Amino acid sequence: MIDVMLVLLIIFMVVTPSLMHGVVAEPPVAENLKPHPQDETDHTLAIDVNGALYLDRQPIALGQLEATLTALYTERTADKVLYVRAHRDLLYGRVSTALDAARAGGVTVVGLVSEQRAP
C-alpha cells in the first residue's frame, strides 16, 4: 500500500506543475505598416453627447436621416454598411432611434465604432 501511495505522490508531483502553468502561448505582435485609407463608400453616423447627428461629419436632422440614407444606398446591392460612433455618456434610446431610422433608410449592416485601448 505504501508503494502505491509513493507512486501516486511522484505522479502528482510531476503533473501538478504542468497543470498550474497551463498552455504557454504568446499572442502575435503586429503593427500597421502603412495607413489604410477609408473607402469612399464608407459612411459614418456620429452622435455627440447632446444627441446631435452627423452623417459623414455633416450635421443632419433625425427627420432627414432616413431619406438621406435611402438616397445613398439605393444604387448599392450588397454593401449597405453604416458605421455608428456615439458618445459614451449618451442614452441608448437616442442611439436606438438613430439605428431605427438607418434601418428604414436601407442600411443592412451596422458597425458600432469604439475607442481602442491598450491591453
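All of these numbers come straight from a predicted model, not from anything done at the bench.
Listed by chain and residue number, nothing satisfies the side chain to side chain donor-acceptor pair (under 3.5 Å) test with Asp100 (two or more places apart in sequence, or in another chain). Residues that satisfy the side-chain contact (heavy atoms from CB on, under 4.5 Å) test with Ala52, not counting sequence neighbours, are Asp48, Tyr54. With sequence neighbours excluded, the residues forming a side-chain contact (heavy atoms from CB on, under 4.5 Å) with Ile60 are Leu53, Leu55, Gln64, Leu65, Thr68, listed by chain and number.
Heavy atoms of other residues, nucleotides or ligands lying less than 6.0 angstrom from CG of Leu91 number 12 at most.
In plain terms, the two heavy atoms of Val109 and Val107 that are nearest each other are O-CG1, 3.3 Å. Among all heavy-atom pairs drawn from Leu69 and Ala102, the shortest one is CD1-CA, 3.5 Å.
Met5 and Met13 are assigned to two separate hydrophobic clusters, defined by single-linkage of ILVMFWY side chains at heavy-atom distances under 4.5 Å. A single hydrophobic cluster is not seen to contain both Val95 and Tyr83; linkage of ILVMFWY side chains at heavy-atom distances under 4.5 Å, directly or through other members, places them apart. Under a hydrophobic clustering in which Ile, Leu, Val, Met, Phe, Trp and Tyr are joined whenever their side-chain heavy atoms come within less than 4.5 Å, directly or via other members, Tyr73 and Val81 fall into different clusters.
Under the 4.5 Å side-chain criterion, counting only non-hydrogen atoms from C-beta, His43 is in contact with Leu82.
Here the straight-line distance linking atom CG of Leu45 with atom CZ of Arg85 works out to 11.5 Å at 0.5 Å rounding. Separating the NE2 atom in His87 from the CZ atom in Arg94 is a distance of 14.5 Å, to the nearest 0.5 Å. Of the inter-residue distances, the one linking Leu6 atom CG with Ile11 atom CD1 reads 11.0 Å to the nearest 0.5 angstrom.
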Kindly indicate, with the supporting measurements, whether the criterion side-chain contact (heavy atoms from CB on, under 4.5 Å) is fulfilled by Val49 and Leu90. CA-CA 5 Å; Val49 69; Leu90 188 65; 5.9 Å; no
